[in-house]
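Written below as structure tokens is the structure these notes are about.
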Amino acid sequence: NAGVMQNPRHLVRRRGQEARLRCSPMKGHSHVYWYRQLPEEGLKFMVYLQKENIIDESGMPKERFSAEFPKEGPSILRIQQVVRGDSAAYFCASSPQGLPTDTQYFGPGTRLTVL
Amino acid sequence: AQSVAQPEDQVNVAEGNPLTVKCTYSVSGNPYLFWYVQYPNRGLQFLLKYITGDNLVKGSYGFEAEFNKSQTSFHLKKPSALVSDSALYFCAVRVASGGSYIPTFGRGTSLIVHP
């Protein structure tokens, strides 16, 4: 019974490169959330997706960041032209439905380092 | 707007003593409250949640939390702390009203249990 999977676990990029972070939700879950965690700042919501739809992207920076959750395959968070300030841990979580009572199940995270 | 406050950045307790990690919230409408724990270099793990009913909620690893509507609090407690409980603890709130039900997380409280 695999949990939420994220890869890669660690990603190093140079400024200006692209970063692609992948998230496979738990089996049976069709709702995916992406968060960013910076030291001393807690967990910040970025985007909420359902299969083939972006439901809420209010926490996503307007430029360079995009997310998708295709019909087949994992959800992908894409950061173009990375800058040092993008260095953080990125977590995805999944839930079976989009209900407020749902428990979110988190992946192990991807730690992005921008050189 | 909804918000969560974890007033203590760090809580220190001796092994075997009771522990409390504090959480207060502010929402419009009925809250759904969650506690998660994060161990170093890991994702968040669900501990417990309050949806409705009994104000005392029991969760994983011997933790419990008490919902207090008048004080808008949801403090996490454990009767006897273990060194292995040392971790980062997050409180989160969601509301039952319309919208995408995005949870708001507190900044986290670092629990240190001393042998």
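A note on names: the letters A, B, ... follow the listed sequences, proteins ahead of strands, and every chain is numbered from 1.
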For B/P103 and A/Q104 the tightest heavy-atom approach is CG-OE1, 3.6 Å

Listed by number, the residues in residues 107-115 of chain A that come under 4.5 Å of chain B (heavy atom to heavy atom) are A/G107, A/P108, A/R111

Within residues 7-19 of chain A, the residues sitting under 4.5 Å from chain B by heavy atom, in sequence order, are A/R9

Under 4.5 Å to a heavy atom of chain A? For B/Y50 that would be neither

(request) Under the side chain to side chain contact (heavy atoms under 4.5 Å, CB included) rule, what do B/L44 and A/Y105 come out as? Steps first, then yes or no, please. (result) CA-CA 8 Å; B/L44 277 67; A/Y105 295 89; over 6 Å; no

Q) When hydrophobic residues are tied together by side-chain contacts of less than 4.5 Å, even through go-betweens, does A/Y90 share a cluster with A/F45? A) no

- Query: Can you get from A/F69 to B/Y101 by hopping between Ile, Leu, Val, Met, Phe, Trp and Tyr side chains that sit under 4.5 Å apart?
  - Reply: no

Between A/Y35 and B/F105, is the side chain to side chain contact (heavy atoms under 4.5 Å, CB included) condition met? List the steps.
CA-CA 11 Å; A/Y35 296 89; B/F105 285 82; 3.7 Å; yes

Crowded around A/R64 CZ? As in, over 12 foreign heavy atoms under 6.0 Å? yes

Heavy-atom nearest pair, B/I102 first then A/Y33, reads CD1-CE2, 4.0 Å

Side chains of residues 51-60 of chain B: which donor-acceptor pairs under 3.5 Å do they make with residues two or more places apart or in other chains?
residue, atom, partner, partner atom, Å
B/D54, OD1, B/L56, N, 3.1
B/K58, NZ, B/E64, OE1, 2.9

**Report entry** Connected via hydrophobic side-chain network under 4.5 Å: A/L99 and A/V32
**Finding:** no

* Asked: With hydrophobic residues grouped by side-chain heavy-atom distances under 4.5 Å, do B/V113 and B/F63 end up in a single group?
  -> yes

Closest non-hydrogen atoms of A/T103 and B/F34, given as atom of the first, atom of the second and distance, are CA-CE2, 4.2 Å

Within residues 6-21 of chain B, the residues sitting under 4.5 Å from chain A by heavy atom, in sequence order, are none

Taken to the nearest 0.5 Å, the spacing of A/D102 CG from B/K49 NZ works out to 6.5 Å

Problem - Cluster overlap B/L48 with B/Y39, hydrophobic side-chain contacts below 4.5 Å - result: yes

message: Side chains of A/L43 and B/Q38, heavy atoms from C-beta outward: is any pair under 4.5 Å?
response: no

All heavy atoms of B/F90 vs all of A/G42, minimum pair found to be CE2-CA, 4.0 Å

>> Ring centres under 6.0 Å, that's the criterion: do B/Y36 and A/F106 meet it?
In response: yes

Whatever's closer than 4.5 Å to a heavy atom in chain B on A/Q37 counts as side chain

